[in-house]
Amino acid sequence: MNTCKSEDAEGLRLVRVSGEVDMSWSQDLRREILDALSKSPAVGVDLSNVSYMDSSGIAALVEGFQQSRAAKKPFALVAPSDAVRGVLELARLDRVFPIVDTAAAVTARGD
């Protein structure tokens with residue numbers, strides 16, 4: 001089952017994602033990330049329970065990252081699953097996105 005929920009955690013807004021992120025619901029992820037950015041000084045996207053992500057999901061993450069940079073707010077991917085990490089590495093986006101192991105590390109980075 002695909003889910004995307006936000007919660008306040010450790011001084012930031014954490015967007016928890018699970019299931020398969022594909023074109024059928026990547027817009028939900030996009031909206032959730034942009035909404036979190038509008039309401040919080042920092043955003044983390046927990047991808048530890050994502051079993052699959054296609055290019056539309058990556059696009060949602062890229063847009064969130066760009067918005068966070070423009071707003072000068074910390075933004076990071078939290079504990080991406082092996083499947084997501086593989087996609088990020090293939091596209092060399094693991095060198096672009098801040099990737100951390102815990103939600104607390106999002107704000108500790110100082111980005």
Side-chain angles (χ1 to χ4, degrees):
M1 175 167 196
N2 299 333
T3 61
C4 183
K5 298 179 183 177
S6 293
E7 62 189 54
D8 290 322
E10 303 180 50
L12 71 138
R13 191 83 174 156
L14 185 63
V15 178
R16 292 189 185 271
V17 187
S18 65
E20 297 183 355
V21 181
D22 57 22
M23 190 174 267
S24 68
W25 76 280
S26 60
Q27 286 301 312
D28 294 340
L29 173 59
R30 177 185 171 276
R31 278 190 294 275
E32 197 71 31
I33 291 171
L34 295 179
D35 184 59
L37 282 165
S38 74
K39 295 178 179 175
S40 179
V43 173
V45 182
D46 182 337
L47 300 169
S48 60
N49 292 312
V50 175
S51 57
Y52 171 81
M53 181 174 284
D54 71 7
S55 60
S56 66
I58 296 295
L61 297 176
V62 168
E63 185 174 354
F65 180 63
Q66 290 172 332
Q67 292 288 329
S68 72
R69 285 290 199 220
K72 295 184 167 75
K73 294 182 178 187
F75 179 92
L77 307 182
V78 180
S81 66
D82 289 342
V84 173
R85 190 173 288 272
V87 172
L88 294 171
E89 289 173 357
L90 184 64
R92 299 193 189 273
L93 291 171
D94 60 320
R95 299 175 186 178
V96 175
F97 284 109
I99 299 174
V100 296
D101 293 329
T102 65
V106 175
T107 54
R109 289 181 49 87
D111 290 343

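Just so we're clear, the structure is a prediction, and the values are computed from it rather than from any experiment.
Expressed to the nearest 0.5 Å, how far CG of Leu88 lies from CG of Leu61 amounts to 7.0 Å. The CG atom of Leu12 sits 11.0 Å away from the CZ atom of Phe75 when rounded to the nearest 0.5 Å. Rounding to the nearest 0.5 Å places CG of Asp35 at 7.0 Å from CZ of Arg13. Note that CD of Gln66 and CG of Leu37 are 11.5 Å apart. Values are rounded to the nearest 0.5 Å.
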Please walk me through it: do Gln67 and Leu34 pass side-chain contact (heavy atoms from CB on, under 4.5 Å)?
-> CA-CA 8 Å; Gln67 292 288 329; Leu34 295 179; 3.6 Å; yes
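Here the closest heavy-atom approach between residue Asp28 and residue Cys4 is recorded as O-SG, 4.4 Å. Residues Ala42 and Thr107 come closest through the heavy atom pair CB-CG2, 3.7 Å.
One N or O on the side chain of Asp54 and one on the backbone of Met23 form a donor-acceptor pair closer than 3.5 Å. Judged by distance alone, the side chain of Lys73 and the main-chain N or O of Val43 form no donor-acceptor pair under 3.5 Å.
In summary, of the residues considered (Leu77, Asp94, Val50, Val21), a side-chain contact (heavy atoms from CB on, under 4.5 Å) with Val84 occurs for Val50 alone. The one candidate from Arg31, Arg30, Arg69 that meets the salt bridge (Lys or Arg N to Asp or Glu O under 4.0 Å) condition with Glu63 is Arg30.
Other residues, nucleotides and ligands contribute over 12 non-hydrogen atoms within 6.0 Å of the CG atom of Asp22.
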